[in-house]
Protein chains: 2
Amino acid sequence: MSHISVGVEYGLHCLLHLSGPPTGVTVASVRDLADLQGVSIDYVAKLFTKLRKAGLTVASEGKNGGFRLAKPASEISVLDVVHAIDGVKPLFECREVRVRCAVFDGNAPRWAAQGVCSIHEVMLEAEQRMHEALARQTLADLSRRVDAKAPRSYGPSVVRWMENRSGSA
Amino acid sequence: MSHISVGVEYGLHCLLHLSGPPTGVTVASVRDLADLQGVSIDYVAKLFTKLRKAGLTVASEGKNGGFRLAKPASEISVLDVVHAIDGVKPLFECREVRVRCAVFDGNAPRWAAQGVCSIHEVMLEAEQRMHEALARQTLADLSRRVDAKAPRSYGPSVVRWMENRSGSA
DNA sequence: GGAAATCTACTCGGATACCGCGTGTCCGAGTTATGGTGG
DNA sequence: CCACCATAACTCGGACACGCGGTATCCGAGTAGATTTCC
């Protein structure tokens, strides 16, 4: 179990497919998105509920409904997706052991509880660096990287796959 | 449950007390270290077993035994402690969903499985930034910060507390 | 032919089951200094 | 006075219990377009 969950991974892959041409479409149903990656439909649906609440996607209900990005892909960072799905769980949870030092015998002096624990400071600094790196990358950046790897035929084949599904259903 | 466990927090606090004057001593038993912070003895013992295996501390067995740092505090980074106790668990565990894309229909082409997943790359970059921040801080740095906060009387009182314990026992 | 009813496909959200892992505890074994005992 | 033995204190390492949260599934409700039915 890692700090950044698989939900984030699924979510990012789905959002990449929603980032428009050349590699993806602009609107798709949860069913198609889930089946496209061999993941549980219900699970992906829960992810998109979170993404919607975070204001990253908008949903259109009813038949032929689906999700699309609420903003241009260049304005959605990886950090946004992480926070939307995993919440803001901290890298490190300080338990304030400094105030429980036996020397204080129960009642810690003011200076011990004041400010942020020194160890906590270091962890917060590291967390900050991590967040900066994640905030720097947007869906558009990721999309470009994928496009650079994949052959030119990949994008259209994905689009065709989705159209065939809705056609056969 | 955060990515960096409470074990690391306990471990760091213990190691700080082992970082020598002015705030700490140079050798101490697990019992004293644990009681000093109101933490389970057995649990701290397990932590120190890991720290020993990682080569950060050395133990002297038998009566009046205990642990001391294997290296100067200035050569032990926070990252070393994190890795020693939590292991090297990754920030993000890529499940390679890219190769499971339904378009490939079971057998993914070479280009899809080649190299590192684009999403994974971003996560690795963030993890790297985090590690850099943790590697930059040593026990000596932390010790200095604590000393700057605590009054001059704190260090000696900790030492006295330990001596009283071994004296009364 | 147009309006109403039905159907279908989709989103929404809660409830729940499963399972791995972090946290914490317990115990037996090995090791070394200390204190006591007997020659 | 010295050698020997028992005891205490400590580390070492495995085993295990507990609970939380991530992962995954199921189901009922609400909504809107498509289709059919009926006047």
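Model, not experiment: these values are computed from the prediction. Chain naming here is simple, since letters A, B, ... match the order of the sequence lines and numbering starts at 1 in each.
- Looking only at distances, no side-chain donor or acceptor of D32(A) sits under 3.5 Å from a matching main-chain atom of S29(A).
- Along DNA chain D, the nucleotide nearest to R95(B) and the one nearest to G65(B) differ in position, and the one closer to the 5' end is contacted by G65(B).
- Between Y154(A) and F104(B), the distance from one ring center to the other falls under 6.0 angstrom.
- If you check every strand for non-hydrogen atoms under 4.0 Å, F48(A) touches nothing.
- Contact annotation: R31(B) side-chain N/O to dA9(D) OP1/OP2 distance is not under 4.0 Å.
- Counting any heavy atom pair closer than 4.0 Å across all strands shown, K89(B) reaches sugar-phosphate atoms only and no base atom.
- L47(B) has its CG atom 13 Å from the P atom of dC12(D), to the nearest Å.
- At dC12(C), one or more side-chain N or O atoms of R52(A) fall inside 4.0 Å of OP1 or OP2 (strictly under the cut-off).
- Of the side-chain N and O atoms in S5(B), one or more sit less than 4.0 angstrom from OP1 or OP2 of dT23(C).
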Would you tabulate the nitrogen or oxygen pairs shorter than 3.5 Å linking the protein to nucleotides 28-35 of chain C?
| unit_1 | atom_1 | unit_2 | atom_2 | d |
| --- | --- | --- | --- | --- |
| dT31(C) | O4' | E61(B) | OE1 | 3.0 |
| dT32(C) | O2 | K63(B) | N | 3.1 |

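- The nucleotide whose nearest atom lies closest to any side-chain atom of S40(A) is, among dT25(C), dT23(D), dT25(D), dT25(D).
- Atoms CG (D42(A)) and P (dA17(C)) sit 16 Å apart, rounded to a whole Å.
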